[in-house]
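Take a look at the structure below.
All of these numbers come straight from a predicted model, not from anything done at the bench. Note on naming: letters A, B, ... go to the chains in the order of the sequence lines (proteins, then strands), and numbering restarts at 1 for each one.
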There are 2 protein chains.
Amino acid sequence: MARRRSGQPGIVTLQDVATAAGVSRSTASRAFSRPDLLLPETVDRIHSIAHRMGYSLNHAARALSTGRFGNLAVIVPDIGNPFFPPLVRKIEAGADTVDYAVFLGDSDESAVREATLVARLSNQIDGLVLASSRMTEDQIRAIAATKPVVLINRDLAGIARVLVDVKGGVTEAVGHLKRLGHTDIAYVAGPRESWSEQQRRQSVVAAGTAAGLTVTVLELGRPSHEAARDIVSALVDSGATAVIAFDDVVAQGLLAGLDARGIDVPREFSVVGCDDILAATTQPPLTTISGGSAAAGEAAVELLLRLIDGHPAAGDERVSIGTHLVVRASVGRVNRRR
Amino acid sequence: MARRRSGQPGIVTLQDVATAAGVSRSTASRAFSRPDLLLPETVDRIHSIAHRMGYSLNHAARALSTGRFGNLAVIVPDIGNPFFPPLVRKIEAGADTVDYAVFLGDSDESAVREATLVARLSNQIDGLVLASSRMTEDQIRAIAATKPVVLINRDLAGIARVLVDVKGGVTEAVGHLKRLGHTDIAYVAGPRESWSEQQRRQSVVAAGTAAGLTVTVLELGRPSHEAARDIVSALVDSGATAVIAFDDVVAQGLLAGLDARGIDVPREFSVVGCDDILAATTQPPLTTISGGSAAAGEAAVELLLRLIDGHPAAGDERVSIGTHLVVRASVGRVNRRR
DNA sequence: TTGAAAGCGGTACCAT
DNA sequence: ATGGTACCGCTTTCAA
């Protein structure tokens, strides 16, 4: 007499399927997890009965006994920032190929919330990707000690990470500007704490100097459209004739500010963005440094899945996403006003 | 002698805490779920020991015995569409207030993938919100029969839903245009299958006709920036002097197309968007119908949480998100070219 | 107020 | 090839 495990009505359990098929729970289980151990006909019978009964596997229960959840998590500082959706999209897609589900956490730019999220999620996931994490190195290491972690745009030795390396794109951009006669350029910076900002600033200064250009750095509090628009007067006063912006959002704000002052882009001023997330939707279409978001997401899942599979070599992997300049219409030959 | 449950090393279980505190597993459990049943000092002691040991509750295990998961899911057709991030953000925020985690599913505009996602998620969530679902009514009803569901921009009687009602905003927009002398307007349509599109088209036609204006409808395949830009010649040929676009993305494409033809906005042509997701970042800043994304997300979580709490009245709720016109700079007095 | 024990839905080892 | 059974971590009666 098969034990009748109760459970909520309407929920079909493995036991129900087993009973209906006249087999034991173990056999029913194997029909799904290790079909190779069963007679093909048994497998078929169980499968069809399960299907007919509307059975669906309880992942929580499976997780409890296997220790594997079939879930991933992505934590981003702000899903509203256009850099992240393409990234998240790729992670979804990658997870989907191996039938993993993905939790999304929005830390709202707060390290505290980020830590809370991770704690909340940690016992239902097999691994997580931390995009532009705001947490301290120690916090991150503590998490990585517990389970597979892949960092995006954060460079911690010993932890798998994917970094968007803007050096290539920046060098191209600087070369492009120089070729068009610019000698004075500016860099409108992002948030100091961010790894991306540090890397971008350094690349622009290095490439600019190497090319013999004067480069002025303008600080921006929040890298928002408004803040960027408001910094335009300082920008034109700097004497620069071209600017490389921390990201596309900032670049677009600059475009708006320039337009508001009646300064024509690209005739009187040139603007280069970064990330290529706004594509050709700006006015004029933005010349920008491309190669980031989606590619990073793709690389991150791939890495994470390898880590989860216990592939050890993936532990200290550091993948670098190359970038290049996409020329659209916001850069022109130097043309000093007045 | 307390039973030593093995488990993975590094993972602190309730049993570990109980042993350390010299109490039974039941007591340790109650310290978290029903502290009122225990001596305050016992609770404190267990809490502090748990904290010191780095204990964190295993939600999967709890779910197995309670039937509640503490997880939600949001399914969107495309997280890359700027309409959704604000929506998702609000859902995250709402879930956070009750310590729920949220799964994100991106159906990639496919009903099939959407159904797969739901199946994959259904046994680890307490409820889900389906945003702009592409599934058939039957599919949705089948899911809603199983667990709490809130629909966004899909109107199915008997299922909780939040609908962005553009009527108010559209009426204001039409009035605004009429007041500025426009007599000939166009509506650039979105994807026919979508509930939003049907509602928007109908509202524009109705309000336009009521105001005594001529309204031409222009079909657009995909509501993309490019498609919108390409339809501009048809738009100007239509004889209209102003256009209401399916959404802000389309409106921005129209802006780009108009600019490319040397047609000045708003002097020669007026453009009204919908959703207010691009805010003031367009050139010129877009006059648009606002009130959608974030508010819808907010209403949806609130509703879903109520449903999960077993609040029955929330079952057939239908909340309507009002809209209004936000005047920026893309609409002007009529001014026929030539 | 606290403890013992059963059970949630699976998996996996040990038999047969 | 299949069945019996212990166990994953936690909650929840039922007793004490």
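- At distances below 3.5 Å, at least one donor-acceptor pair connects side-chain atoms of A:Arg154 with backbone N or O atoms of A:Ser133.
- Counting to the nearest Å, the C1' atom of C:dG10 and the CG atom of A:Asp16 are 13 Å from each other.
- The two atoms that bring A:Ile75 and A:Ser107 nearest to each other are CG2-CB, 4.4 Å, heavy atoms only.
- For the pair B:Gly70 and B:Asp126, the tightest heavy-atom approach, listed with the atom from each and the gap, is N-OD2, 2.8 Å.
- Here ring-ring contact (aromatic ring centres under 6.0 Å, His included) pairs that include residues 100-149 of chain A, with residues two or more places apart or in two chains, are A:Phe103-B:Phe103.
- Taken over five-pair windows at either terminus, the axes of the helix from C:dT1-D:dA16 to C:dT16-D:dA1 are inclined to one another by 40° (rounded to 10 degrees).
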Quick one: side chains of residues 79-87 of chain B, donor-acceptor pairs under 3.5 Å with protein atoms, not counting sequence neighbours, listed by atom name and distance.
residue: B:Asn81; atom: OD1; partner: B:Phe83; partner atom: N; Å: 2.8

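- Side-chain contact check for A:Asn71 versus A:His59: every heavy-atom pair is 4.5 Å or farther apart.
- Here the C1' atom of nucleotide D:dC8 and the CG atom of B:Asn58 are 9 Å apart, to the nearest Å.
- No donor-acceptor pair under 3.5 Å is formed between the side chain of A:Asp106 and the backbone N or O of B:Arg89.
- One finds a salt bridge joining B:Glu302 and B:Arg306 here, because a Lys/Arg side-chain nitrogen approaches an Asp/Glu carboxylate oxygen to under 4.0 Å.
- A straight line from CD of A:Gln124 to P of D:dG9 spans 15 Å, rounded to a whole angstrom.
- Between A:Asn123 and B:Ser56, the side chains place a donor N or O and an acceptor N or O closer than 3.5 Å (distance only, hydrogens not considered).
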Once each nucleotide of nucleotides 11-16 of chain D is scored for protein heavy atoms under 4.0 Å, what B/S/- sequence comes out, 5' to 3'? BBB---
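- Rounded to whole Å, the distance from CZ on A:Phe69 to P on C:dT11 is 14 Å.
- B:Arg134 pairs in a salt bridge (Lys or Arg N to Asp or Glu O under 4.0 Å) with only one of the listed residues (B:Glu114, B:Glu193, B:Glu109), which is B:Glu109.
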Tell me which donor-acceptor pairs under 3.5 Å the side chains of residues 27-37 of chain A have, and how far apart each pair is, sequence neighbours excluded?
residue: A:Thr27; atom: OG1; partner: A:Ser24; partner atom: OG; Å: 3.2
residue: A:Ser33; atom: OG; partner: A:Ser29; partner atom: O; Å: 3.0
residue: A:Arg34; atom: NH2; partner: A:Asp36; partner atom: OD2; Å: 3.0

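- At a non-hydrogen distance threshold of 4.0 Å, B:Leu38, B:Leu39, B:Thr42 from residues 38-54 of chain B come into contact with DNA chain C.
- When rounded to the nearest whole Å, the span between CG of B:Leu64 and P of C:dG7 equals 14 Å.
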